[in-house]
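Take a look at the structure below.
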2 protein chains.
Amino acid sequence: MKFIDEENIDFGIMLSKNGLSQTSFRKKLIKLFHLSNSSLSIDEVINGLHNNVDKATVYRALNAFEENGLIHKVPDKDNLLRYALCQKECSPTKHSHNHAHLLCDKCNSTYCLNDFKIPIENNYNGFIVSNSKIILEGRCVDCQ
Amino acid sequence: MKFIDEENIDFGIMLSKNGLSQTSFRKKLIKLFHLSNSSLSIDEVINGLHNNVDKATVYRALNAFEENGLIHKVPDKDNLLRYALCQKECSPTKHSHNHAHLLCDKCNSTYCLNDFKIPIENNYNGFIVSNSKIILEGRCVDCQ
DNA sequence: GTATAATTGCAAATGATTTGCGTTTTTATT
DNA sequence: AATAAAAACGCAAATCATTTGCAATTATAC
């Protein structure tokens, strides 16, 4: 449950700020993510947008959103991509997702564990870490 | 670098112990993983097996190995699957990969951080965690 | 050894994601 | 607010990793 009043967000301006064109489709798309409190699969995105939308357009928009730091990808248990809003600290040039995702292996719901801080170093024996993906698989409350 | 003397391992018996048939192909395949100290992509597997092998057969064997707890899958930065040997504590019924993978985003080399113990709980607000995937992306020593 | 079950190899199917391209919408400029 | 340039859209077709069907071969169990 998010406690942001979505009514007060101007999604068009949000898109512009991130270097993306304001189209009615993309405004609906970014709003959909803000209304959802977990990640979305392609099909969930398409179902969430009542009107009939073209998958290629959705994929292109999702990739544009990702390249511009608005969303990021999370693979589910079958390695299919899901998409989730980025944290505030993301920017077009640097994605930082140093937080865990809880992924239900039954219903595929995803939740961000924003307060879960993993003690990750920058350097492991000379390997330089620039990004981390932590996925905790299991069962959500509804699926146990 | 692994310090196991691969000459002393009977890969046929290893397969049988894990409920897999001993075929000459599968013995070569499990040996290839033991000789490698990182994860392998499909193409790396096929190149590693001199003889010409059928991709479908490789995929089937890899899936069988995974179902029987010998290997597990790690997605690379493009979400393509790579395959890596399981730790000792894996069994056919339960995969436990509570360790991190270092994944070079240039050359796709993968390394296990076996001594990296992440403080993961069993339960986050009612979500029951049964498995964790931690992927640290960055640059390996050779690619910096 | 022989029968049953599993694996192999080949070709074809599947399914998610991407691409080409002509049309429409947005952005930047006057 | 008109217009030219750039980006996005929508449709169909292409791509590419992975899976599946099936007949032939090999392994396992009795």
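Values below: every heavy atom of this structure, side chains too, minus hydrogens, waters and symmetry copies. Lettering follows sequence order; numbering is per chain, from 1.
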Side-chain donor/acceptor of A/Asn18 to backbone N/O of A/Asn68, under 3.5 Å: yes

Rounded interatomic separation in angstrom, taking CG from B/Asn79 and P from C/dT17: 8 Å

Nearest atoms (heavy-atom pairs only) where B/Leu103 meets B/Thr110: CD1-OG1, 3.7 Å

Side chain B/Gln144, main chain A/Gly126, donor-acceptor under 3.5 Å: yes

Nearest-nucleotide 5' precedence on DNA chain D, B/Ser16 against B/Leu80: B/Leu80

Atom-to-atom span, CZ of B/Arg82 to P of D/dA17 - whole angstrom: 13 Å

Candidates A/His101, A/Glu66, A/Arg82 - the one meeting side chain to side chain donor-acceptor pair (under 3.5 Å) with A/His72: A/His101

Per-nucleotide protein contact string for nucleotides 4-16 of chain D (B base, S sugar-phosphate only, - none; heavy atom under 4.0 Å): ---SSSBBB----

N or O in side chain of B/Tyr59 less than 4.0 angstrom from D/dT19 OP1/OP2: no

Distance test, side-chain N/O of A/Asn63 to OP1/OP2 of C/dT17, below 4.0 Å: no

A/Ser36 side chain to A/Ser38 backbone, donor-acceptor under 3.5 Å: yes

Nucleotide C/dT25, atom C1' - distance to CG of A/Leu15 in whole Å: 14 Å

Between C1' of C/dT7 and CD of B/Gln22, the distance in whole Å: 14 Å

Value rounded to 0.5 Å, distance of CG in A/Asn108 from OG in A/Ser39: 8.0 Å

Separation of D/dT28 P from B/Ile13 CD1 (nearest whole Å): 12 Å

Nearest-angstrom distance from the residue atom CG of A/Leu81 to C1' of D/dA17: 13 Å

Atom-pair distance (CD on A/Glu66; C1' on C/dT18), nearest Å: 15 Å

Rounded distance (Å) that lies between atom C1' of C/dA13 and atom NZ of B/Lys55: 16 Å

